[in-house]
Amino acid sequence: MHHRPTGPCASTFVLIASLGAAGPALAAGKLSLQVGQAEFAGLQIEDLGLDWTPRTATGGKVGMRAARIRGVGATGPLSAISIDCAELAISGNLLSCKSGRLSGALGSLGGQNTKFSARTLTDGSLELHLDAVALAGGRAKVDLRLDGAVWKLDSALSEIDLTAMTKVAAPWFELPEGFTAAGRASGRVRATGRNDDLRTTDADFAIARLDFADAAGALAGEAVAGELKIKLVADRSGDFVTDGRLTLTGGQAYSDPVFLDFGAHQLAADFAGILSSDASQFVATRFSLVHEGVASVTGSATLDLFGETMLQEAKLAIPDLDLANAVPAYVQPYLTGTSLKDLA
């Protein structure tokens with residue numbers, strides 16, 4: 001069974017295109033419509049304006065203006081919205097806009113002014129491309145397909161400010177109280193879902209800089225740089241079957257009392273396991289870690305990602321160990337204040 005596209009993006013496109021459905025009948029002139037209050041596909045729209053200017057028997061120019069749109073849960077209310085399609089093509093029940101522009105304040109996403117293209121398909125779904133979305137101090141190119149409640153996203157991200165991104169992501173994910181994160185990252189995210197539920201994610205991030213700290217100061221990082229590749233698949237419980245790879249090539253991190261310098265000794269970790277639905281815990285059913293010039297470690301572990309003690313449980317095998325570098329990094333910090341504090 002196929003469904004008509006839903007959600008704010010699809011609903012808005014169908015709304016502005018509805019004027020075009022009467023293209024042949026209105027070919028003689030321009031039509032404008034003003035509505036003080038309107039409801040459409042779960043959206044509450046204030047001061048709605050629609051314009052249709054026929055150019056051929058099968059298409060024309062269409063535009064929409066709205067002072068405010070409510071009912072978009074993910075971003076909050078939208079305001080001063082303007083959507084224009086210079087060439088809306090109509091073929092039966094199919095609609096296509098190859099050259100459009102969207103501008104306005106999109107709630108938590110902030111002010112926008114981007115080109116877009118959109119089209120409906122024979123199965124009733126909608127494809128939407130946004131050329132340059134302003135996102136968390138950076139930019140994103142977005143390809144989105146909507147089929148009823150089901151969606152598929154492919155987004156290229158550039159120079160994202162991580163502090164600003166935590167605010168954008170608040171409807172789905174929040175850092176623990178007192179935990180701070182800042183920095184810049186770029187990458188690509190491919191995801192699928194249904195309504196507000198995430199089904200799969202395949203993401204690659206290049207971390208230019210990451211600074212973080214918990215409220216107690218027991219966990220912190222400065223100028224951490226590297227790459228993260230991760231795949232998530234939701235299971236029936238809402239948790240995520242996870243596998244990925246993390247490479248750290250610069251910066252320092254501190255987890256009381258251990259201090260690591262990734263500029264001096266790079267670290268690479270391959271991992272697989274279960275990530276909790278709120279991303280607070282990761283049960284690594286298997287991992288393989290190479291800390292360059294220090295040690296190689298394999299095994300399994302349970303991590304409390306935002307707790308005072310990150311490593312909750314572990315079973316480890318150490319096939320390779322350089323004592324000259326491993327002891328100062330991982331052993332001596334625990335001996336401070338004891339008779340073995342000067343162990344070399």
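Atoms considered below: every heavy atom in the structure, side chains included; atoms not considered: hydrogens, waters and symmetry mates. Because the structure is predicted, anything quoted here is derived from the model rather than measured.
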[X] with [Y], same ILVMFWY side-chain cluster at under 4.5 Å:
| X | Y | value |
| --- | --- | --- |
| L305 | V283 | no |
| L153 | L128 | yes |
| L94 | F116 | no |
| L246 | V297 | yes |
| F212 | L175 | yes |

Nearest heavy-atom neighbours spanning [X] and [Y]:
| X | Y | answer |
| --- | --- | --- |
| A136 | M165 | CB-N, 3.6 Å |
| A164 | D161 | N-OD1, 2.9 Å |
| A301 | F287 | CB-CE2, 4.1 Å |
| L78 | G107 | CD2-N, 3.9 Å |
| P319 | A317 | CD-O, 3.3 Å |
| A38 | L48 | CB-CD2, 4.1 Å |

Closer than 3.5 angstrom, by distance alone: can the side chain of [X] be matched with the main-chain N or O of [Y] as a donor-acceptor pair?
| X | Y | value |
| --- | --- | --- |
| D214 | L219 | yes |
| S155 | V189 | no |
| H265 | H291 | no |
| D261 | Q252 | no |
| Q266 | G263 | no |
| S186 | S158 | no |
| D147 | V150 | no |
| D235 | G238 | yes |
| N325 | G293 | yes |
| T120 | L95 | yes |

With rounding to the nearest 0.5 Å, note down the distance linking [atom1] in [X] to [atom2] in [Y].
| X | Y | atom1 | atom2 | value |
| --- | --- | --- | --- | --- |
| Q281 | I274 | CD | CD1 | 11.0 Å |
| L303 | S280 | CG | OG | 11.5 Å |
| L50 | L31 | CG | CG | 8.5 Å |
| R190 | K231 | CZ | NZ | 8.0 Å |
| C97 | H129 | SG | NE2 | 12.0 Å |
| L248 | I207 | CG | CD1 | 7.0 Å |

So which of K141, K98, K115, R101 actually passes salt bridge (Lys or Arg N to Asp or Glu O under 4.0 Å) with D131?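 Single salt bridge (Lys or Arg N to Asp or Glu O under 4.0 Å) partner of D131 among K141, K98, K115, R101: K141.
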Which residue pairs pass the salt bridge (charged side-chain N to carboxylate O under 4.0 Å, His left out) test when at least one of the two sits in residues 275-288, sequence neighbours left out?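 Output for this query is empty, none listed.
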Taking 4.0 angstrom as the limit, do D204 and R188 come out as a salt bridge?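 Looking at D204 and R188, the cut-off is not met.
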Residues R245 and E227 bridged, charged N to O under 4.0 Å: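 No, R245 and E227 are not salt-bridged.
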I81 and I69: CA distance, side-chain angles, deciding distance, side-chain contact (heavy atoms from CB on, under 4.5 Å) verdict: CA-CA 8 Å; I81 299 301; I69 301 177; 4.2 Å; yes
Side-chain contact, heavy-atom cut-off 4.5 Å: [X] with [Y]?
| X | Y | result |
| --- | --- | --- |
| V133 | Q112 | yes |
| L88 | W52 | yes |
| D84 | S82 | yes |
| T166 | V168 | no |
| T298 | L289 | no |
| E127 | L121 | yes |
| L144 | W151 | yes |
| Q37 | E46 | yes |

Does F240 form a side-chain contact (heavy atoms from CB on, under 4.5 Å) with L198? I'd like the steps, not just the answer. CA-CA 10 Å; F240 295 94; L198 180 66; 4.1 Å; yes
CA sep, side-chain torsions, deciding dist, call: V294, D322, side-chain contact (heavy atoms from CB on, under 4.5 Å): CA-CA 5 Å; V294 180; D322 186 325; 5.7 Å; no
Hey, mind stepping through S79 and R68 against side-chain hydrogen bond (donor to acceptor under 3.5 Å, both in side chains) and telling me if it holds? CA-CA 4 Å; S79 60; R68 184 172 289 267; 5.1 Å; no
Before giving the answer on side-chain contact (heavy atoms from CB on, under 4.5 Å), spell out for I160 and L135 the whole-Å C-alpha distance, their side-chain angles and the decisive distance to 0.1 Å. CA-CA 7 Å; I160 300 301; L135 177 65; 4.1 Å; yes
Please report the C-alpha distance between R209 and D211 in whole Å, then the side-chain angles of each, then the deciding distance to 0.1 Å, and finally whether the salt bridge (charged side-chain N to carboxylate O under 4.0 Å, His left out) criterion is met. CA-CA 7 Å; R209 181 184 179 111; D211 303 309; 2.8 Å; yes
